[in-house]
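Take a look at the structure set out below.
Being a predicted model, the structure only gives us computed values, none of them experimental. Convention: sequence-line order gives letters A, B, ...; per-chain numbering from 1.
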Amino acid sequence: MSRYSAAEIEAKWQTAWDEAGLFRATRSADKPKYYVLEMFPYPSGRIHMGHVRNYTMGDVIARYKIANGFNVLHPMGWDAFGMPAENAAMASGGHPKDWTYGNIADMRGQMKPLGLSIDWSREFATCDPEYYGQQQALFLDMLDKGLVYRKNAVVNWDPVDMTVLANEQVIDGKGWRSGADVERRELTQWFFKISDMSDDLLSALDGLDNWPAKVKLMQANWIGKSRGLQFAFGMTEEAHGFDRVEVYTTRPDTLMGASFVGISPDHPLAKAMERQDPKVAEFCAEARKGGTTEEAIETAEKLGFDTGLKVRHPFNPEWELPVWIANFILMDYGTGAIFGCPAHDQRDIDFARKYGLPVQDVFVPAAGEEGHTRAENGKTAYVPPKTDAVRYIRGFAGAEVQNGSDAVDAAIDFCEARGVGQGVTKFRLRDWGLSRQRYWGCPIPVVHCETCGVVPEKKENLPVRLPDDVTFDVPGNPLDRHPTWRDCACPKCGAASKRETDTMDTFVDSSWYFARFTSPHADTPTVAEDAAYWMNVDQYIGGIEHAILHLLYSRFFARAMHLTGHLPEKAREPFNALFTQGMVTHEIYQTRDANGRPVYHLPEDIDRESQTVKATGEKLEIIPSAKMSKSKKNVVDPVSIVTGYGADTARWFVLSDSPPERDVEWTAAGADATAKHLARVFRICAEIAEMANGAAAGDDELLRAMHKTIDDVTKELESFGFNASIAKLYAFTNTLQKTQAGGTARKVAARTLAQLMAPMTPHIAEELWAILGGEGLCAAAPWPKADPAMLKDESLTLPIQINGKRKAEIVVPADMPPAEVEKLALSNDAVVKALEGATPKKVIVVPGRIVNVVV
RNA sequence: GCCCAAGUGGCGGAAUGGUAGACGCAGCGGAUUCAAAAUCCGCCAUCGGCAACGAUAUGUCGGUUCGAGUCCGACCUUGGGCACCA
């Protein structure tokens, strides 16, 4: 009898699958198609356990669908543009291209031993000119359809390095290299008009039945549809060419609590004042300090500057309000100006208390004490949910007691009727800025001509290729300072012109790769027949961190690709089902250096038992699990796991224990246990393979357990219950080990076990299938079917509760009528004893579930 | 600051509103062995009790229900996102 050797069997069966062409996807009319896709990786150089978990989940689905007769598309590629390649070039010389393609080769080499059912013939990297050239073609088509335009937008500006910084390069408001105070600076940039589709992107969420509710909710909140009032405050006197300040508010019902008008430092009025008044300029410069993230702006100290200008309240010309410039007002949202009602907005009350502005209640709780004075002295605004009824003490429209939503509607109607502004619907979603002042990205294919202006490049000149001869020894965009690359002829008039040097946001690359996989090497972005056949992605799998941006941008792109004729109507929502998986975590092992700073240690360098560092014997501090990261040294390298235990162990482990949407903690003990379990399955099955055929008393019991397991595992796999299906497989293995059944039944059961394990641990399953006399490849065998007749139990155990507490249980025939169950329950000894002679008030019998006696 | 999640034994976790702790890890006891490794069998939430059994228990506090880990409200903690990390 042979022993389980992962190294031998894994290579053998991977070759067998390859030679059978099992995973090569071709269009076929006689099978239903199934497209399963995992979010493609960034080629950082090493695969990590998170990748293993992500791709194993997709692989389980893919293999399960193959066994169920589907024509499966399961591709893989590389999200290959991006900053780390440039950072590597800056740090250690070399070229981003060499770094990236080297990493891709390494990672492909690390991934292949996992035995994934991937059609590698469709592989591409987004930095392949073949791919980004088609992306440029898409860009031109979108430009043509009016989906792309240019406008000013703010970026993080490092005034020392004279360069634009990514948000992650801004640390506590300072540039990561220079340490200089970062400022927000405006630049002319390219934008996708995603806001044109706000309403559609929002309402179409309803149709995404197989998306997690939390992702839909996050997207809905991000799009942020709101109804409010847009109106103007007239200024007491004209200043800087302005006679009014246009504001937008979602709470017009609080208009009588207005205390000031606030404008963004980037508001045209603020800018006009800034040009003439050094004090304003000084304030605006201060207000623009810090990064562009909403988090930085929202959490920054609230700063205000009283312009000295005054506006009149729309309902009362005598009532004058001051105009302040405030750093927390965003020019990008609404009109860049607000009115502040401190009593009912936390930000406004913080601001009002700081600058001594009045605070006046508009409404108080509907029930409760009169003269609610929270706003009078307090620092906390009264902001009840809009669905709560409140009493308006300074209301002007609608009932005295009403909820916030009704009051807003009434206020809008009231204002519209009096010509004070109008009700408008606005979205929080902003247009997608795609310009990046960086080298390692897809060049934006336009030309700047002195006479013709901005001119799209001709399609026959695509791809606009990145030049190879660039250096990263100075900050800034190498395309800008390249001696010749920018020079070109205007596609319209032929005059000497300059290329655009901005490249595209890498989110563009990942917003259509799923469509490209349907015809990965075509000389158009997609091919109609292929897209029509393979789209949509039936199951998309990736991290929850992509819940908003990547998925929203992809939904926009799919719509844009439909508008430009590159995708069929049905692919406007490209992902039929979405699953968001959790991270792989690990403990952190820490000691401290002489200065008390933490020093981290790799798992292989420590002794878990004695909690010491192997080399030095130093005592360790063990910090509970956190996301694996290089800096914390809590990484487990999949390659060493595959080499040491085999791919099947790595695959089984990352799927077991934790539900797939939650984080899973990698532990050495768990990996060890998994390897032992697989060896045990192998041993049990190998013994069975050598048994003589024949029947025995235990046959029926074993086969019933087998059918139950088929049923359970199938149901769990259909609903991403990988951990639960593994638990059922453990239980069935225990049954198979203890059974008294004869050889024939045992072989059937063992072959079924191999099949049920195959999506998770395909190599050992294939080997067992072969030694147990399975026909052909296990990976190609049809999925086992549970016999409904074998699933029915004749009797069942019912717990009996008294007032909801379990007191006894009875065994009854499965089909016993409730009245008889009740009689039986009440005559049960333990029940009689517990009742102590009391008469039950009520008896609840839930058929097949429980009996509850209420006294 | 804002949006979205998650909190259950020593540990990972299971549980269509219906017996809380399946399955696995660790631990403990036993078998096998010259011995060990490997393997096999059994026990294993907490407290009290010799036991039968009783009480407590799903982050905290309240609520709905015959019945709540599950539904509702508030809070605490941890994680994800916040538009130039991918």
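At the heavy-atom level, A:Pro659 lies under 4.0 Å from the strands shown only through sugar-phosphate atoms. Residue A:Lys841 is classed as having no contact, given no heavy-atom separation below 4.0 Å to the nucleic acid. Residue A:Arg347 is classed as having no contact, given no heavy-atom separation below 4.0 Å to the nucleic acid. Within the nucleic acid shown, A:Leu217 comes within 4.0 Å of sugar-phosphate atoms alone, with no base atom in reach, counting heavy atoms only.
For A:Asn734, no side-chain nitrogen or oxygen approaches OP1 or OP2 of B:rC23 to under 4.0 Å. At B:rA86, one or more side-chain N or O atoms of A:Thr506 fall inside 4.0 Å of OP1 or OP2 (strictly under the cut-off). Proximity of A:Ser658 to the phosphate of B:rG12: no side-chain N or O atom is located under 4.0 Å from OP1 or OP2. Neither OP1 nor OP2 of B:rG18 sits under 4.0 Å from any side-chain N or O of A:Lys805.
With a 6.0 Å cutoff to the six-membered ring centre and a 45° limit on the axis angle, A:Lys302 does not count as a cation-pi contact of A:Phe351. Cation-pi geometry between A:Arg428 and A:Trp222 is met: the NZ or CZ atom falls under 6.0 Å from the ring centre, inside 45° of the normal.
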Task: From CA spacing to verdict: side-chain hydrogen bond (donor to acceptor under 3.5 Å, both in side chains), A:Asp672, A:Tyr645 - done: CA-CA 8 Å; A:Asp672 231 36; A:Tyr645 293 107; 2.6 Å; yes
TODO: Show your reasoning for whether side-chain hydrogen bond (donor to acceptor under 3.5 Å, both in side chains) applies to A:Asp657 and A:Asn723.
DONE: CA-CA 6 Å; A:Asp657 279 14; A:Asn723 58 323; over 6 Å; no
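Separating the P atom of B:rA20 from that of B:rC53 is a span of 16 Å, rounded to the nearest Å.
Relative to the side chain of A:Phe507, the nucleotides B:rA86, B:rU19, B:rG80 differ in distance, and B:rA86 lies closest. Picking from B:rC85, B:rG24, B:rU39 the nucleotide with the shortest atom distance to the side chain of A:Tyr730 gives B:rG24. The side chain of A:Asn221 sits closest to B:rC4 out of B:rC4, B:rC25, B:rA86. The listed nucleotides are B:rU39, B:rG81, B:rA20; the one nearest the side chain of A:Lys676 is B:rU39.
Classified by its glycosidic torsion, B:rG24 falls in the anti category, the angle being over 90° from 0.
Side chain of A:Glu809 to main chain of A:Thr797: no donor-acceptor pair is present (N/O by atom type, distance under 3.5 Å, no hydrogens or angles).
In RNA chain B, stems built from 3 or more consecutive Watson-Crick or G-U wobble pairs, each with both distances under 3.5 Å, span B:1-7 with B:76-82, B:10-12 with B:23-25, B:27-31 with B:39-43, B:45-48 with B:53-56, B:59-63 with B:71-75.
As rounded to whole Å, 14 Å separates atom C1' of B:rC11 from atom CZ of A:Arg662. Atom CD in A:Glu294 sits about 11 Å away from atom P in B:rC2, given to the nearest Å. B:rG80 atom C1' lies 12 Å from atom CD of A:Glu295, rounded to whole Å. Atom CZ in A:Phe328 sits about 14 Å away from atom C1' in B:rC2, given to the nearest Å.
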Open item on the list: Protein within reach of the bases, or only the backbone? For nucleotides 67-74 of chain B, mark each nucleotide 5' to 3' as B, S or -, using heavy atoms under 4.0 Å.
Closed with: S-------
